[in-house]
Asks: 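This is the structure I have questions about; it appears just below.
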Amino acid sequence: MPIQLLPDHLINQIAAGEVVERPASVVKELVENSLDAGAQTVQIDVVAGGQKLIRIRDDGKGIDKQELALALSRHATSKISSLDDLEAVASLGFRGEALPSIASVARLTLCSRTPDDRAAWQVEANMGVLSAPKPAAHPQGTSVEVHDLFYNTPARRRFLRTERTEFGHIEKWVHRLALSRPEIGFTLTHNQRTVLQVPVAKSEEDQRQRIAKICGVAFADQCVYIERETDGIALSGWIGLPTFNRSQPDMQYWFVNGRSVTDKTLAHAVRHAYRDVLFHGRFPAYVLNLTMDPASVDANAHPAKHEVRFRDGRRIHGVVSQSVDVALKNTRPGGYSVSPVPMTRDSVFNQSSMPLQTRPTSHGVSETLAAYRSMAAAPSSTNARAHGSEVPPLGFAVAQIGGVYILAENNDGLVIVDMHAAHERITYERLKKGFDDRNLIRQPLLVPESIAVAESEANLIEESGETLAALGLIVDRTGLTSVTVREVPALLKNSDIETMLRDVLSDLSEAGHSNRVADAADDYLATMACHHAVRANRMLSLDEMNALLRQMEQTEHADQCNHGRPTWTTVTMSELDRLFLRGR
C-alpha cells in the first residue's frame, strides 16, 4: 500500500486503544476532567458494568458553548500551551485525547453550563460526526454520557469481561479517586443502586471515616496519620500499623500531586521502612500522598498516565523511607492509641508512657536481669490509682505464667506480654543503635572474590562505585563481564558475597537505591538479639518484669519482635466481664 494519511476517526480509534482499555478507563478519564474543572461533587452513574451507560456529572466551572466542539477535537486542551507547561504539568489530564478517543468508540453526549450562561448547551458525537450545539436544561457544571461502549468495534467488545468484573474495575478506580481527593464528594451508582456515597471530608476524623468506608473499618482502626515535609517534598496520608498486614499488596495507594500512580521506587521505599516489623511474605497497607514540584516529576511517562518518572528517584526514595520509618518507630506501648492485637474494637486504649529511664547497656541475659533487679520496684496498679499516680500503658506486673508470658494490669484491664519477643526487640534496637553507617567498618578479603556478571551489570558497577563504597563494598571491574569484590562490611565477612552483590545491583537497576547491605546487617543483629534474649521458663521477679515493661514503653517498634510477631496484647475489663457473663 502507498503511504497515506489515516482518517481522523481511525486515528481516534487507534488512540482509544491506549486511553480506553475498558469502561473503568472511561470513568477515570472523565472524573479526572471533572476534578481539573474544580468540581466539589461528582456523580457517577453506571449501567451494565459501564457497557450500556456511563454518566459523569459534576458542578465544576463548565465548558463555554464555543468550546464544546473543540473539547471533542484531538489534542485540544485548556491545560497546557507550551513545552514549559508540559514539563511542569499539575493537572490530571493534559493531552486532549480522552474525549475524542471515547467518542470514537461510543455514542457520547456532552452537556455543560458555565456560571455566566443562562442556559446549558449540548453536543452529541456518533461515529466521529459531531452535532451542532443546542440548548439544554442543566445546572452549572458538566455532564458526559457514554452509551454503548465499543458498539462499533466488536473485537474490542469481545475482550470485555462480565458485568460484575467490569464494574469491579470501575469501583476500584472510583475508590482511588475518592482517596486522592478527600475535599470532594463522590457518589457511585450501578444499575440505579447506590454503591458508594462519601461526603466532603475536611477534618482528619472525616478523612478517617472515608478511609473506613473505602478500605474497611479494620484498617481505619489500625492506621495512623503521618505528615512530613523535607526539602520541598511533602508526604502525608495513612499507614497501617504492622499488625494490619496483607497477604498481597492490594491495599497500597500512591498519589503523586493528586495523581493515582504505581511506582516501583515508592513501593520499595515503603517496603524497606516496614522491613523490621512485618512477617516475611506479608505486605503493608497504606494511603499516601506525595506532593512536590511538578517540574521534578514527569507525568507523561505512560499513555494512560498510570506511572510517573522522578528526576531524582534516589532522593524521593530516601525521603519516603525515612518518613515512614520515623512514624513506625512510635509503634510501642503508648506510642499510638491502638492495641497491637485488638481482640475487639473495645480493646483500644490511650495512655501516656512513663518518663524515660536509664536502660541497661549490657547485652547478656544475666547482666540484663541483674540490671533489672537494680531498678526500683514499681507499685501495684491498685496502689498507683489510690495515690493518684499515672498508670503506664502496660501497667504493672502481677504474675508470670508458663514461664513465657507476663501478666500485668493497666487502667483498661489485663495486659499479656511475650517476654522473649519483647526482650528480643529491646536488645535488637539497642544493637542497631550501636551499629549504623557511621560505624561501618570494611574488611578486606584475604582472597578477593571474582564474579561473572552481564556487561550491563559491569557498566552499572563502574557507574556506582561511590554508592557501593558507601555500602561497604569495594568492587573493581576486571573485564568486559567480570568484577572482583575486594572489601565488604566487616559484620558480613562470612555472608554470601556474590548473592549480596547481585541483589544490590538489582536494587540499583530497579530503584536507583539499595538497602541490601543494611538489611543483611540487621538480619545478623536480629539473630544476635534472638540469641541474647531472655528464654522461656526463665523465672523473673516482679521487679524484673516491671523493668521489662518500662523498657518496652521506651523502645521503638516494641509492638513487634524482630520477626514481626506481636509482643503484647490486652484484654479489657468489658471483655473479661463478657467472658464471665457479668451484668447479664
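Start at 1 with the first residue, then count along the sequence. The model shown is predicted, which means the values in this text are computed figures rather than measured ones.
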Asks: Return yes if a side-chain donor-acceptor contact under 3.5 Å exists between Asn245 and Tyr274, otherwise no.
Replies: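 No, because no side-chain N or O of Asn245 sits under 3.5 Å from a partner of the opposite role on Tyr274.
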Asks: Quick one: does any side-chain atom of Asp263 pair with a main-chain N or O of Leu266 as donor and acceptor, under 3.5 Å?
Replies: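 Yes, Asp263 side chain to Leu266 backbone: donor-acceptor pair under 3.5 Å.
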Asks: Which heavy-atom pair separates Leu92 from Arg259 by the least distance, and what is that distance?
Replies: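 So the two residues come closest at O-NH1, 2.7 Å.
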Asks: Using 0.5 Å steps for rounding, measure from the CD1 atom of Ile451 to the CG atom of Leu501.
Replies: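 Going from CD1 on Ile451 over to CG on Leu501, the span is 5.0 Å.
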Asks: Working to the nearest 0.5 Å, report the span between CZ of Arg425 and NE2 of His557.
Replies: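 Going from the CZ atom of Arg425 to the NE2 atom of His557 covers 6.0 Å.
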Asks: Specify the closest pair of heavy atoms between Pro392 and Arg550, including all atoms of both residues, with the distance to one decimal.
Replies: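 Looking at all heavy atoms of both residues, the closest pair is CG-NH2, 3.3 Å.
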Asks: Does the pair Val324 and Tyr286 meet the rule for a side-chain contact (heavy atoms from CB on, under 4.5 Å), with working shown?
Replies: CA-CA 10 Å; Val324 177; Tyr286 51 81; over 6 Å; no
Asks: Within the side chain of Ser464, is there an N or O that forms a donor-acceptor pair under 3.5 Å with the backbone of Leu460?
Replies: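 Confirmed, Ser464 side chain pairs with Leu460 backbone.
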Asks: Heavy atoms, side chains only, cut-off 4.5 Å: are Lys172 and His175 in contact?
Replies: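 They are not in side-chain contact.
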Asks: Short question: side chain of Asn546, backbone of Ala397 - any donor-acceptor pair under 3.5 Å?
Replies: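 Present.
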Asks: I'd like to know whether Cys223 forms a side-chain contact (heavy atoms from CB on, under 4.5 Å) with Val287, so could you lay out the CA-CA distance, the side-chain angles of the two residues, the decisive distance to 0.1 Å, and finally the verdict.
Replies: CA-CA 10 Å; Cys223 70; Val287 179; over 6 Å; no
Asks: Answer yes or no: is there a side-chain heavy-atom contact under 4.5 Å between Gln443 and Pro489?
Replies: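 Answer no - side chains too far apart.
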Asks: Within a radius of less than 6.0 Å around CD of Glu183, do more than 12 heavy atoms belonging to other residues, nucleotides or ligands occur?
Replies: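 Counting other residues, nucleotides and ligands, CD of Glu183 exceeds 12 neighbours.
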Asks: Output the distance between atom OG1 (Thr569) and atom CG (Asp418), rounded to the nearest 0.5 Å.
Replies: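 Taking OG1 in Thr569 and CG in Asp418, the distance rounds to 11.5 Å.
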Asks: Do the side chains of Val319 and Arg228 get nearer than 4.5 Å, heavy atoms only?
Replies: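 No, side chains not in contact.
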Asks: Is it the case that over 12 heavy atoms from other parts of the model lie below 6.0 angstrom from the CZ atom of Arg309?
Replies: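 At most 12 heavy atoms, drawn from other residues, nucleotides or ligands, come within 6.0 Å of this atom.
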Asks: Could you pull out the closest heavy-atom pair between Gln400 and Val404, with the gap in Å?
Replies: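 The pair with the smallest heavy-atom distance is NE2-N, 4.4 Å.
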Asks: Do Trp568 and Leu549 touch side chain to side chain, with heavy atoms closer than 4.5 Å?
Replies: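 In short, these two side chains do not touch, never coming nearer than 4.5 Å.
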Asks: How far apart are the C-alpha atoms of Asn562 and Asp276, what are their side-chain angles, what is the distance that settles it, and do they pass the side-chain contact (heavy atoms from CB on, under 4.5 Å) test?
Replies: CA-CA 6 Å; Asn562 316 340; Asp276 270 349; over 6 Å; no
Asks: Atom CE in Met419, atom OG1 in Thr567: separation rounded to 0.5 Å?
Replies: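 Met419 atom CE to Thr567 atom OG1 measures 13.5 Å (nearest 0.5 Å).
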Asks: Using the ring pair (Phe, Tyr, Trp, His ring centres under 6.0 Å) criterion, which residues pair with Phe244? Sequence neighbours excluded.
Replies: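 If we apply the ring pair (Phe, Tyr, Trp, His ring centres under 6.0 Å) test to Phe244, skipping adjacent residues, the hits are Phe219.
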Asks: Looking at Ala469 and Ile474, what are the two nearest heavy atoms and their distance?
Replies: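 So the two residues come closest at CB-CD1, 4.0 Å.
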Asks: Between Asp231 and Arg315, which heavy-atom pair has the shortest distance, and what is it?
Replies: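 The pair with the smallest heavy-atom distance is O-NH2, 2.6 Å.
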Asks: To the closest 0.5 Å, what do you measure between CG (Leu473) and CG (Leu505)?
Replies: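 Leu473 CG to Leu505 CG: 9.5 Å, rounded to 0.5 Å.
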Asks: Could you tell me whether His306 and Trp173 have their ring centroids closer than 6.0 angstrom?
Replies: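 Ring centres of Trp173 and His306 closer than 6.0 Å.
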Asks: First locate atom CG of Leu288, then atom OG of Ser323, and finally report the distance between them rounded to the nearest 0.5 Å.
Replies: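 Reported value, rounded in 0.5 Å steps: 9.5 Å.
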Asks: Would you find a donor on one side and an acceptor on the other, under 3.5 Å apart, between the side chain of Arg332 and the backbone of Glu556?
Replies: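 Such a contact is absent between Arg332 side chain and Glu556 backbone.
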Asks: Could you pull out all residues at least two apart from Glu171 that satisfy salt bridge (Lys or Arg N to Asp or Glu O under 4.0 Å)?
Replies: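 None.
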